[in-house]
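One structure below.
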Amino acid sequence: MKSSFIKEKINNPFVLAILTLFVSISLAIYMIGLSRINIYNITWITGDMAQVFTAWGQFFSENHSFFDLTTNRLSYPLDISIALFDPMPILVQLAKPFVNFFFFFFQYIGIYLALCIILQGYFGFLVIWYSIQGQNFKVKDNFLISLFGSLFFMFAPYTLARMQGHIALSSQWLLVLGILLNIKFYISSKYKNTFLHALFLFVVAGFNPYLAIMALLTPFSILLISFIKKQINFVFFFTSCVILVTFLGLSFYIFGFLGASGGGIHGGYGMYSMNLLALIDPNHFRSIIFPDIPSSIVEQYFEGFQYQGFGLLLILIIGLLFLKKSAYHNTINLQISFQSITLVLIISFILSLSNIITVADILTIKIPLPSFIESLLSKFRSSGRFFWIGGFWLIVLSFLLIIKSFKINQVLVILFVASLIQIIDVFGVVNGAKAHFNGLKSKYINDPFIDSLTKDNKLDSIMVIPPWQCDPNKTPGGVNNFETLGLLALSNRLPINNFYAARTPKNQSQYHCKQDSIFTFKPKNDIFYILSEKEFNLRKKLFLNNGFRCKHIIAYSSDYYMCIYQNVLDDHTIFANNENKKEWLINTTSNSVFYLDNG
């Protein structure tokens, strides 16, 4: 009795899948590094990660009701949805009860990226396991085939490359989990499974809209093919589609993505797309066989990166060459057939291409679209991402083709060799990501003087003129000031009007970018001002004649000025005893500016 119980547990795929953790954890540690998993290590938080980190920290610097995902601390004094900063709003909601257990200046990015690799490998194992259950293989054979499959999911080049620049979009394990749910709980003629998939889409939409649309493609394709094959009637097909889309839209609304999308046609659609040869293009990463294929659109190199790996393409070609015609039907189960998988591949491929079709740097064709269709599609302007779901289904399809075309011993040899080839071929992406992480250095500036002013409650907020969202090239401190000043504001628990978001809502632009006239502008005593040299020269008399002292900062990109109310400074002991007091402009009437060496 006891031995049978143990045997049952050992043969459980969810238990067997745990064995993938050895590889996935090793990969995560090698690529990301142990030090970056430390939640209090922010020395590597830079670029888009700083944007997410700042949004996360500023949001949790104040209390919110459960479904409130807005804050005025990032776009002071206006409220703005943190969905625009890609912090995965659903995780923000789940973290609310626990945030007081952590120091507010902590980062979850390193540990989350590691978890993405681990979950993708784990769910990838289960996807292959349940895909081949109808083959009557021994448990040992099922395990080996599933283990090889998990390696392909784990080492997906587009996932590893995306981790270098976007946290929410690194959550591609959700797409793999979605495939698993569709295989194990496929939508039949009962609405129970329809609501299960609708709930899953609701959750995915709370992470990122792109991932949610990709996750929708699988159940939609299964439903459509099932309807065409008359396995379900039109009422069930239509009602199920409505349920799926309704849950998706409801999630977009609750988590703030609907308001963030804005209206009209968004710039960039067609540019951030996929090249027609993207599946065999390793870009600047080394491949053992494929060269870097040039593209006529530079933006495609990152957003349109869809390289599949030589190992996967090899078993796909072998499987297609030896496929028996009879194997084309009832691939996984009655609903999930080759036709359903093919439809997902076709739709995701077309969406990724957009209306601008490019073939390397040789040919570019633009297909005109009706304005309302282009407006809808442009809300997802980085269309090159959409084939991620196609890439994951391509792994499943390739494995099924091999399994249905060869005997089990041949299958194991082919998949073993292909797995080795795949890992060797895409390891350039792994090393590229590792080099990227090793080269990251935060631009966080810890200013003891500003810290001390904040602790004395002398300052209410930071105002940047002009803020980053109005013109990154003219803002004080240069194009990276959303990071340096954002982290400065966060570390001092001060709201700021300077931000970098996925999109800038119209009301935000109207408020922040149409500054008060220099003739009516009057600085406030409790605000810490940071101005570009041009803006300071326009407002210099207003600041100095209203009791402010200003300090000239010599920066690498461009000089700028910091201005603080004189009484705030005079009341402060650090400033009163500061031998470098002359660094601040004291003459309140002179038109001259003292250019001093401020370090």
Side-chain angles (χ1 to χ4, degrees), residues 67 69 81 83 86-94 116 119-120 123-124 126-127 130 153 159 166-227 232 236-261 332 335-336 340-341 343-345 347-348 351-352 376-377 379-380 382-383 385-393 396:
F67 280 116
L69 286 168
S81 171
D86 292 322
M88 297 176 286
I90 193 168
L91 293 187
V92 173
Q93 292 282 30
L94 294 174
C116 286
L119 291 175
Q120 194 154 305
F123 291 129
L126 294 174
V127 163
Y130 284 105
F153 282 100
T159 302
H166 203 295
I167 311 307
L169 288 171
S170 299
S171 309
Q172 294 172 33
W173 60 271
L174 288 164
L175 299 179
V176 183
L177 176 58
I179 293 174
L180 174 63
L181 292 176
N182 277 280
I183 292 172
K184 192 165 173 53
F185 305 102
Y186 58 89
I187 300 178
S188 60
S189 57
K190 297 180 180 179
Y191 287 107
K192 180 177 68 173
N193 285 354
T194 301
F195 280 102
L196 172 65
H197 290 288
L199 183 61
F200 175 72
L201 289 176
F202 181 91
V203 172
V204 178
F207 280 80
N208 183 271
Y210 283 91
L211 296 177
I213 297 299
M214 285 181 256
L216 174 65
L217 293 182
T218 296
F220 171 75
S221 298
I222 293 170
L223 284 167
L224 182 58
I225 294 298
S226 298
F227 170 66
I232 58 173
F236 182 82
F237 166 73
F238 179 78
T239 306
S240 294
C241 288
V242 169
I243 292 171
L244 294 174
V245 173
T246 299
F247 273 69
L248 195 68
L250 182 63
S251 183
F252 283 162
Y253 174 76
I254 289 175
F255 294 113
F257 290 114
L258 276 186
S261 63
I332 299 176
Q335 269 68 30
I336 305 178
S340 299
I341 298 174
L343 185 58
V344 177
L345 295 174
I347 296 175
S348 59
L351 287 175
S352 288
L376 178 64
L377 291 175
K379 294 183 186 303
F380 298 89
S382 298
S383 63
R385 305 166 177 172
F386 280 119
F387 194 72
W388 294 343
I389 184 65
F392 290 132
W393 270 115
V396 179

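Separation of atoms OH (Y253) and CG (L258) is listed at 9.0 Å; rounding is to 0.5 Å. The CG atom of L174 lies 12.0 Å from the CG atom of L180; values are rounded to the nearest 0.5 Å. Summarising the geometry, atom CG belonging to L211 is positioned 10.0 Å from atom CH2 belonging to W173; distances are rounded to the nearest 0.5 Å. Atoms CG and CD1, from L351 and I389 in turn, are 12.0 Å apart once rounded to the nearest 0.5 Å.
At a threshold of 4.5 Å between non-hydrogen side-chain atoms, the residues F202 and F255 count as touching.
A donor-acceptor contact shorter than 3.5 Å links the side chain of S240 to the backbone of F236. A distance-only check finds no donor-acceptor pair linking the side chain of Y191 to the backbone of T239 [under 3.5 Å].
Residues satisfying the side chain to side chain donor-acceptor pair (under 3.5 Å) criterion with S171, sequence neighbours excluded, are Y112. Scanning for side-chain contact (heavy atoms from CB on, under 4.5 Å) contacts around V203 gives I90, F207, with sequence neighbours left out.
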Could you go through residues 215-223 and list every donor-acceptor pair under 3.5 Å that involves a side-chain atom there, pairing it with any protein atom two or more places apart or in another chain?
unit_1 : atom_1 : unit_2 : atom_2 : d
T218   : OG1    : W393   : NE1    : 2.9
S221   : OG     : L217   : O      : 2.8

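F380 and Y210 have perpendicular rings, their planes meeting at more than 60° on a 0 to 90° scale where under 30° would count as parallel. In this pair, F392 and F153 present their aromatic rings parallel. The plane angle is below 30°, not in the 30 to 60° band.
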